[in-house]
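These values consider heavy atoms only, across backbone and side chains, with no hydrogens, waters or symmetry-generated copies.
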Amino acid sequence: MTEGKGVETRKIVGDFNSSKKPKRNKYAFGCAILASMTSILLGYDIGVMSGAAIYIKRDLKVSDVQIEILMGIINLYSLIGSCLAGRTSDWIGRRYTIVFAGTIFFAGALLMGFSPNYSFLMFGRFVAGIGIGYALMIAPVYTAEVSPASSRGFLTSFPEVFINGGILLGYVSNYAFSKMTLKLGWRMMLGIGAVPSVLLTVGVLAMPESPRWLVMRGRLGEATKVLNKTSDSMEEAQLRLADIKQAAGIPESCNDDIVQVTKQSTGEGVWKELFLYPTPTIRHILIAAIGIHFFQQASGVDAVVLYSPRIFEKAGITDDTHKLLATVAVGTVKTLFILVATFMLDRVGRRPLLLSSVGGMVLSLLTLAISLTIIDHSESKLMWAIGLSISMVLVYVATFSIGAGPITWVYSSEIFPLRLRAQGAAAGVVVNRTTSGVISMTFLSLTNAITIGGAFFLYCGIATVGWLFFYIVLPETRGKTLEDMEGSFGTFTAKSNTNNGVENGIAKVPQV
C-alpha cells in the first residue's frame with residue numbers, strides 16, 4: 001500500500017516538471033526576494049571592506065596582519081549567529097529570525113561607521129558578524145521551504161544574487177567615497193550599510209511564515225493557505241502538505257486547522273542524528289553539504305573579492321582610483337553571471353552546472369597564477385601579462401558565480417530532511433564561514449611566504465580536488481520535492497544516484 005502510494009505520488013511530482021512548464025509563481029517569487037534581500041548587507045560588507053581597508057590602514061596606521069584579521073574575523077564571528085540560527089528559527093520561526101538578522105546588521109553597520117579606533121571597529125564587526133551568520137543560514141532555508149519544486153533552484157539562488165549585488169554596491173561605495181577626507185571616507189563607506197537594513201526588516205514582516213515550520217507547530221490551516229499561494233497548482237499544494245505532514249508525524253487524514261504535534265523540531269537530538277549516529281543516507285547528505293561549502297570557499301573566492309585591489313596592485317595597477325574602478329568591474333561581472341546562473345539552475349541542473357563552473361575556476365586560477373608569477377619575475381612592465389591577470393580575475397569570478405556560488409546554497413538547503421534541515425544548513429554555514437575566515441585572514445601572509453602566484457597555484461590545486469569530490473559524491477537534485485530528496489543519497493556514486501532522479505520529467509521511485 002505504501003509502495004503504491006509512493007508510485008502515485010512520484011507521478012504527480014513528475015507531472016509538475018514535465019513538458020508543460022507552469023508559469024512562475026509570483027507570490028513565491030516575492031517571498032524569495034524579500035527573504036534574500038537580507039544578503040545585500042552581507043555582500044555590501046564584503047565588497048566595501050576591500051576598498052575601505054586601504055584607507056583604514058592609512059588612517060589608523062595598522063599593519064598588514066591587523067588588516068587581514070579585520071577583513072576575515074567577521075567570518076569567524078558569524079559562526080555564533082550560524083550556531084544559534086538553527087535553534088532560533090525552530091523556536092520563533094524562519095520569518096522572525098530573518099527580522100532579527102536584519103536588526104543585528106543595522107547595529108553592526110552603525111558601530112563600524114562611528115568607530116574611533118581599531119578596537120571599536122573590531123567590536124562593530126563582531127556585532128555585524130553575528131547578523132551575517134543568522135542571515136546566511138536562514139534565508140536559503142526559508143526560500144527552499146516556500147518554493148515549488150519547479151523553481152526551487154531559481155528562487156533559492158536569490159541569496160547569492162543579492163550577496164553579489166551587495167558586493168557590487170560596496171565596490172561602488174568605495175569609489176564614491178574615496179574622494180572624501182581620510183578620516184571620514186572609510187567611515188561613510190562602512191556606516192552607510194545601515195540605511196537599507198531598516199527597509200529590509202520592515203519588508204520581511206510582509207512575508208508569510210514557512211509552511212514547513214507551521215506544520216511542525218501544528219498550524220495546518222495557516223500552512224495550507226501558504227502552500228496554496230506558493231505552489232504551481234492546488235494538487236501540488238496538497239502533495240506538499242501531505243509530504244510535510246508525514247515528515248512531522250501527522251496522519252494524512254488529519255485536516256484540522258490546529259493539531260497537537262508530538263515530534264516538535266526544537267533541535268533536541270538532531271546533532272546526535274547528524275554527527276554521532278547517522279544513517280548511511282544522512283552521512284552522505286552531511287558529507288555532501290559540508291564538502292560543497294568547504295570547497296566553495298577553499299578555492300580562494302574571498303581572497304579575490306576582498307583583496308582585489310592588492311591583486312591589481314601586484315599586477316601593475318598602482319593608482320587608487322584605477323584599482324577601485326577595476327574592483328567595480330569585478331563586482332559587475334560577478335553580479336551579471338550570478339543572474340545568468342539563476343535562470344539555468346532549474347533548466348540545466350545542479351550537477352552539470354557545478355562541474356562546468358569549477359572546471360572554469362581551475363583553468364582561470366592556473367592562468368592567473370602563471371601570469372602573476374611571470375610579472376613577479378620580470379624587471380620590465382609586461383602589458384600582456386597585466387591584461388591577462390586582470391582578465392583571469394574576471395573569468396574566475398564569472399565561472400564561480402555561474403555555478404559554485406549559487407549552487408552551494410541551493411544544494412545544501414534542499415538536501416536535508418525536514419527534521420534536520422535547520423541544523424544541517426547551520427553546520428554547512430559553519431564550515432563555509434570558518435573556511436572563508438581562514439582564507440581571508442591568511443592571504444596577505446600567504447603571499448608574503450610563497451608569493452601571490454604561489455597562493456593562486458595553491459587555490460587551483462584545492463579547486464581541482466573539489467571538482468573530483470563533486471563528481472564522485474554529489475547526485476543531481478533538480479525537480480525533486482524536498483521530501484523525496486533522501487532517495488538520491490546513500491551510495492557514494494553520483495552517476496548511479498542520478499538514475500534515481502528525474503528522467504524525462506518523471507521522478508523515479510528510489511530503490512530500497
Side-chain angles (χ1 to χ4, degrees), residues 2 5-6 8-9 12-13 15-16 22-35 85-100 138-152 155-156 202-268 270 413-414 416-423 425 481-485:
T2 305
K5 269 188 180 179
E8 185 182 342
T9 298
I12 295 172
V13 175
D15 290 342
F16 294 140
K23 293 175 74 174
R24 192 78 71 188
N25 187 299
K26 293 179 181 177
Y27 189 78
F29 182 89
C31 292
I33 287 276
L34 286 171
R87 179 66 65 87
T88 306
S89 65
D90 282 343
W91 178 40
I92 64 172
R94 307 331 191 201
R95 185 177 63 150
Y96 286 113
T97 303
I98 296 172
V99 172
F100 188 50
I138 197 59
V141 168
Y142 173 87
T143 309
E145 292 184 345
V146 85
S147 304
S150 64
S151 57
R152 190 175 61 247
L155 297 178
T156 314
V202 173
V204 166
L205 292 173
M207 300 179 341
E209 185 49 84
S210 155
R212 285 176 173 80
W213 185 84
L214 290 170
V215 171
M216 294 301 284
R217 291 290 160 177
R219 292 153 64 175
L220 295 186
E222 293 175 61
T224 303
K225 290 177 183 177
V226 176
L227 285 168
N228 288 341
K229 289 183 178 180
T230 59
S231 299
D232 292 325
S233 67
M234 293 297 288
E235 291 79 10
E236 186 191 8
Q238 291 169 10
L239 172 66
R240 289 171 69 188
L241 180 61
D243 285 338
I244 301 169
K245 282 159 70 174
Q246 182 181 10
I250 300 172
E252 190 175 340
S253 58
C254 179
N255 292 311
D256 297 337
D257 284 351
I258 304 290
V259 299
Q260 188 69 35
V261 180
T262 54
K263 290 170 65 175
Q264 289 284 351
S265 177
T266 59
E268 300 294 337
V270 166
S413 65
E414 69 184 0
F416 285 100
L418 175 60
R419 66 189 182 281
L420 308 175
R421 185 166 300 135
Q423 285 79 9
T481 67
L482 296 178
E483 283 63 39
D484 283 338
M485 205 65 70

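Pairing each heavy atom of S231 with each of R240, the nearest pair is OG-NH1, 2.9 Å. Closest heavy-atom contact between A139 and A35: CB-O, 3.7 Å. Listed here is the closest heavy atom pair of S89 and T97: CA-OG1, 3.2 Å. The heavy-atom pair separating L220 from K245 by the smallest distance is CD2-CG, 4.1 Å. For the pair T230 and Y27, the tightest heavy-atom approach, listed with the atom from each and the gap, is CG2-CD2, 3.6 Å. Closest non-hydrogen pair, E209 versus G93, comes out as OE1-CA, 3.4 Å.
Counting only heavy atoms from C-beta outward, the side chains of M207 and V204 approach each other to under 4.5 Å.
To the nearest 0.5 Å, the span separating OG1 on T224 from CE on M234 amounts to 9.0 Å. Annotation: the span from I250 atom CD1 to L241 atom CG amounts to 8.5 Å, rounded to 0.5 Å.
Every residue meeting the side-chain hydrogen bond (donor to acceptor under 3.5 Å, both in side chains) condition with T88, not counting sequence neighbours, appears here in chain and number order: Y134. Remark: E222 pairs with R219 by the side-chain hydrogen bond (donor to acceptor under 3.5 Å, both in side chains) rule, at least two apart or across chains.
Under the 3.5 Å distance criterion, the side-chain polar atoms of R94 are left unmatched by any main-chain donor or acceptor of S210. Of the possible polar contacts, none joining the R212 side chain to the Y142 backbone as a donor-acceptor pair under 3.5 Å is found. The backbone N or O of P208 sits nowhere less than 3.5 Å from a side-chain atom of R95 that would complete a donor-acceptor pair.
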